[in-house]
Number of protein chains: 2
Amino acid sequence: MNKEQLISMLRENGHKVTPQRIAICEEVLSSKEHPTAEAIFEKVSKRHPAISFTTVYHTLDLLKKLELIHEIRFDNRVTRYDPNTSVHVNIICQKCGKISDYESDTVKIQWNHIISELKIQPIGQRLDAYVICGDCKE
Amino acid sequence: MNKEQLISMLRENGHKVTPQRIAICEEVLSSKEHPTAEAIFEKVSKRHPAISFTTVYHTLDLLKKLELIHEIRFDNRVTRYDPNTSVHVNIICQKCGKISDYESDTVKIQWNHIISELKIQPIGQRLDAYVICGDCKE
DNA sequence: CTCCGTGCAAATGGTTTGCATCTTA
DNA sequence: TAAGATGCAAACCATTTGCACGGAG
């Protein structure tokens, strides 16, 4: 996505175009390093010395809503502890946050295909599928 | 792992056996729900009302060192942002937090098998594989 | 001119640390 | 009795929120 496409997308969705916003979007959208908010802040600061973390976080929220980026972290920043290695899919409702597990031979077999292609031996995994659950669809 | 094995393992590694420690270990080692520290605290509190979060965290650290549990979270509690919104596997080092993407037709095909069995149409997904990367193994 | 965006400052909340007291071995 | 464990309170720190000012449309 180039600068013009980005600006169009923002305008179409009713968002204003500011220099900070453009700088942050360009930085994160072109990155291949899964940057942290701090890394983005550092990079963008060079051209916009007065920029704030608040704006970085607000802009990242915007990009999430436009589905241009994914946030990589666990639910509410808490750590989880895993005593078993069984493979399952977490089916997570994006509205109410309810999580149900789905475990089956198919899941294990398909996941094994993937990791054998990857040529790695993971010490754990997490498979999430995001949905809107039946209750929330109404 | 039963209670006797747990106690032996603790003693062999020079750790003392206390009621709180046993209760926390039993709780997390028997759990199938990837519990948070808070969930463990709540459960253990019922039998040990005076227990503290500090002890829960200390005991979880101990179990990590004994490699009886894995900690599931990203890089030192920071959030990372990923502009790659297509189906891919995040390969995440549990020591240094480095993340690399793996994207291939196999990944897409196997994941499609899984979600067609699930009979859901997810609005998004996340596939993580946790590893210790080459640099950190040394 | 109006509304949205920006950014300072303060709040939030999961996790960690300092330290005094208590327990295990 | 000594080394280690516990738990209160305070610190830590990435992220979020309240709010007043400023710039885009």
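The chains referred to below are lettered A, B, ... by the order of the sequence lines, with proteins before strands, and numbering in each begins at 1.
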(message) Nearest to the side chain of B:Ser52, heavy atoms from C-beta on, is which of C:dG7, D:dC8, D:dT15?
(response) D:dC8

(request) Could you list all the salt bridge (charged side-chain N to carboxylate O under 4.0 Å, His left out) pairs where at least one residue sits in residues 1-20 of chain A, not counting sequence neighbours? (result) none

(request) Identify the heavy atoms of A:Ile69 and A:Leu60 that sit nearest to each other, and give their distance. (result) CD1-O, 3.7 Å

(message) Counting neighbours of CG on A:Asp105 that are heavy atoms of other residues, nucleotides or ligands and sit closer than 6.0 Å, is the number greater than 12?
(response) no

(request) Measure from CD1 on A:Ile51 to P on C:dC8 and round the result to the nearest Å. (result) 10 Å

(request) Quick one: pull up CD in A:Gln125 and OH in B:Tyr130 and give me the separation to the nearest 0.5 Å. (result) 8.5 Å

(request) Take atom NZ of A:Lys64 and atom C1' of D:dT16, then tell me their distance rounded to the nearest Å. (result) 11 Å

(request) Take atom CZ of A:Arg21 and atom C1' of D:dG22, then tell me their distance rounded to the nearest Å. (result) 14 Å

(message) By the side-chain hydrogen bond (donor to acceptor under 3.5 Å, both in side chains) test, which pairs, at least two apart or in different chains, include something from residues 44-56 of chain B?
(response) B:Ser52-B:Thr55

(message) Whole angstroms only, please: what is the NE2-P distance between B:His48 and D:dT6?
(response) 11 Å

(request) Measure from CG on A:Leu62 to P on C:dC4 and round the result to the nearest Å. (result) 13 Å

(message) Strictly below 4.0 Å: does A:Gln20 bring a side-chain N or O up to OP1 or OP2 of D:dG23?
(response) no

(message) By nearest heavy atom, map B:Gly14 and A:Phe53 onto DNA chain D; which one lands nearer the 5' end?
(response) B:Gly14

(request) State which residue, out of B:Ile114, B:Val107, B:Ile91, B:Asn90, fulfils the side chain to side chain contact (heavy atoms under 4.5 Å, CB included) condition with B:Leu127. (result) B:Val107

(message) Without decimals, in angstroms, what is the distance between A:Ile24 CD1 and C:dG7 C1'?
(response) 11 Å

(message) Please encode protein proximity along nucleotides 17-25 of chain C as a string of B, S and -, counting only heavy-atom distances under 4.0 Å.
(response) B------BS

(request) Compute whether any side-chain donor of one residue and acceptor of the other, for B:Glu117 and A:Ser104, lie under 3.5 angstrom apart. (result) yes

(request) Round to the nearest Å and state the distance from A:Leu10 atom CG to D:dA24 atom P. (result) 14 Å

(request) In whole angstrom, give the distance that lies between atom CG of A:Leu60 and atom P of C:dT6. (result) 12 Å

